[in-house]
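Okay, so here's the structure we're looking at.
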Amino acid sequence: MLNFFVAFFTLKFIRKHLNTKETLPQYDQYLKILNFFVVPFLLLLVYTTFKRFLPTINFGWFLIFSAITYVLWLLRQNNLASSLLKAGLPFYIVNSLRDFLEYLMNDFVEANDVYIDFLFLGALFWMVAFAISTNNQIKALKKEEEKNRIVVGENEKLEMLVKERTSEILAQKEQLESTVEELKATQNQLVQQEKLASLGELTAGIAHEIQNPLNFVNNFSELNIELISELKEALTSNDKAAASELIEEILGDITQNTEKINHHGKRAASIVKGMLQHSRTNTGQKEPTDINALADEFLRLSYHGLRAKDKTFNADFKAELDPNLPMIDAVPQDLGRVFLNLINNAFYACNERAKNNTQTQAAESYKPNVTISTQNINGTIVVTVKDNGSGISEENIEKIFQPFFTTKPTGKGTGLGLSLAYDIVTKGHGGNMEVESMVGVGTTFIIKLPIS
Amino acid sequence: MKVLVVDDEEDIQDLFLQKFRKEIRNGEVEFSFATSGEKALVYLHQHESEAILILSDINMPGMSGIELLREIVEKNTKPKPIVMMITAYGDDETRNKALSLGADDFLNKPLDFGDLKERLFKR
């Protein structure tokens with residue numbers, strides 16, 4: 001009778017936990033029918049007291065268990081199925097053996113009843129022990145599944161979070177990219193502004209530099225007109241000998257004056273050319289450049305520019321130029337800007353010191369001085385711009401090449417001049433730029449440009 | 001009349017010599033030139049006691065015209081030289097400064113030679 005209970009619950013258990021409906025659909029319905037029939041078998045057994053039916057019923061039990069064993073065999077890959085198989089097999093074998101023996105050799109069974117019962121109990125214990133262990137396994141499995149479910153849930157949450165963050169980051173990235181674009185545009189604008197500002201500083205100097213040669217052009221051409229009318233008078237003179245000498249002299253003067261007109265005209269033209277070069281959008285094209293001419297030109301332009309802007313401003317300036325300087329490949333507009341910036345700063349520093357001196361009554365002894373010098377030292381052109389101005393404090397000297405750093409009052413400096421100059425010398429021309437300064441003594445900027 | 005022209009532009013010399021050609025020929029005026037304030041002082045030192053009219057540019061590298069004027073006034077040589085200042089920056093401030101320092105006259109560039117002659121020979 002026990003056998004049928006075992007069979008009934010085993011079948012239910014198998015169908016539930018091994019999910020035979022899906023793993024073995026072709027057998028599942030038989031198992032279902034079998035499970036269904038176990039109950040009538042059981043009832044039959046309960047109500048039957050006739051001993052002779054027993055073998056038949058036992059035979060039915062044997063069939064049920066064979067079916068279960070077979071199904072479990074098919075599902076042996078599954079841990080649970082293989083455990084059940086191991087648990088049930090001894091019980092199945094012992095029981096089947098006992099039933100067959102009872103049927104075939106009843107005497108033998110009765111004689112060895114104790115041993116057979118012992119075997120039967122052993123198999124039963126084995127099965128129960130296995131059932132308990134399997135149950136624990138199932139519990140552990142369930143826990144594991146629960147854990148997995150939680151992990152999967154967490155993972156899903158995490159994935160959602162990651163997606164959210166990713167889209168946030170993407171949005172931020174796009175925003176940053178557009179900010180970078182804006183910054184680049186602003187930077188270009190500022191560079192252009194800086195160029196225009198330095199052009200503005202130049203304008204007055206240029207006006208003065210052009211005015212001088214133009215005055216000469218006007219004066220010498222006026223002279224020539226006068227000389228020509230004198231020449232006409234001499235031609236009509238009666239004293240041929242005296243006239244001839246005078247004509248010779250006048251013609252000489254006219255020639256000389258015309259040469260001067262030509263020279264000063266060219267001088268004015270070259271200043272205009274320089275100004276145009278300075279304001280023109282830089283093509284970055286390098287060309288053989290005369291550093292001495294550039295240094296001299298911008299020294300004068302800067303001086304006259306500042307002088308025209310501030311009438312009280314005055315400073316001694318000189319150019320100590322090495323006559324043996326070779327031409328170097330450079331972008332003249334760019335280097336011109338560097339020189340202009342350094343020279344303007346030098347004059348500015350002198351002016352600052354002069355102003356401070358006025359306040360401290362030391363004005364008389366101070367002679368502002370700016371010197372630009374060029375040298376050829378071991379294949380390197382060294383350009384120094386030296387002033388005896390107010391000097392740069394140690395705190396500031398580290399920052400002077402940083403963009404937007406300025407000590408000038410708001411609106412007076414963009415803070416880009418030296419930073420651009422530094423870039424032009426280092427990145428643009430493969431040179432380097434250094435500064436030496438002492439407060440109250442002066443500042444020297446040293447530019448080194450490779451010749452080759 | 002002896003005139004010392006102080007200007008860093010060397011071509012100014014030919015300009016004066018030609019513009020005053022007739023006056024030079026007639027011996028009405030005699031020009032000397034200096035290309036810097038320092039050189040002007042050297043010339044004046046060599047020609048002390050001569051009556052010299054000084055015609056100086058203000059804007060020059062090194063010693064400016066104003067500084068030259070100050071030096072001349074401080075030296076206080078006799079007879080006192082007449083100093084006329086010329087500048088391209090014809091602003092009142094520079095003009096007043098030059099005049100207050102003792103300049104006798106003030107002219108603007110570009111020079112009007114007709115006007116200059118009038119002012120020179122008036123003296």
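Throughout, a chain's letter reflects where its sequence line sits, starting with A, and its residues are numbered from 1.
Environment of NZ in B:Lys80: crowded, with over 12 heavy atoms of neighbouring residues, nucleotides or ligands closer than 6.0 Å.
Residues of residues 22-49 of chain B having a heavy atom under 4.5 Å from any heavy atom of chain A, listed by number: B:Lys22, B:Arg25.
Chain B forms the most heavy-atom pairs under 4.5 Å with one residue out of A:Glu226, A:Lys318, A:His263, A:Gln256, and that residue is A:Gln256.
In this structure, CZ on A:Phe220 lies 5.5 Å from CG on B:Asp14, to the nearest 0.5 angstrom. Here the CG atom belonging to A:Leu223 is positioned 7.5 Å from the CZ atom belonging to B:Phe113, to the nearest 0.5 angstrom.
Heavy atoms of A:Leu214 lying under 4.5 Å from chain B are absent altogether. A:Lys260 touches chain B through its side chain: at least one heavy atom from C-beta onward sits under 4.5 Å away, while N, CA, C and O do not. Using a 4.5 Å cut-off between heavy atoms, A:Phe317 contacts chain B through both its backbone and its side chain. With a 4.5 Å cut-off on non-hydrogen atoms, A:Asn257 touches chain B through its side chain but not through its backbone. Contacts between B:Ile58 and chain A at a heavy-atom distance below 4.5 Å involve the side chain alone, from C-beta outward. When heavy atoms are compared at a cutoff of 4.5 Å, A:Asn218 does not approach chain B at all. Contacts between B:Leu111 and chain A at a heavy-atom distance below 4.5 Å involve the backbone alone (N, CA, C, O).
A salt bridge links B:Lys19 with A:Glu222; the closest basic N to acidic carboxylate O contact falls under 4.0 Å.
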- Check step by step if side chain to side chain contact (heavy atoms under 4.5 Å, CB included) holds for B:Lys109 and A:Asn212. CA-CA 8 Å; B:Lys109 272 187 181 178; A:Asn212 264 346; 3.8 Å; yes
- Go through the steps to decide whether B:Arg21 and A:Glu249 satisfy the test side chain to side chain contact (heavy atoms under 4.5 Å, CB included), and finish with yes or no. CA-CA 12 Å; B:Arg21 182 203 314 267; A:Glu249 190 194 320; 3.8 Å; yes
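In this structure A:Asn215 satisfies the side-chain hydrogen bond (donor to acceptor under 3.5 Å, both in side chains) test together with A:Gln211, sequence neighbours excluded.
The two residues B:Met60 and A:Tyr303 make their nearest non-hydrogen contact at O-OH, 4.4 Å.
Under the 4.5 Å side-chain criterion, counting only non-hydrogen atoms from C-beta, A:Leu227 is in contact with B:Gln18.
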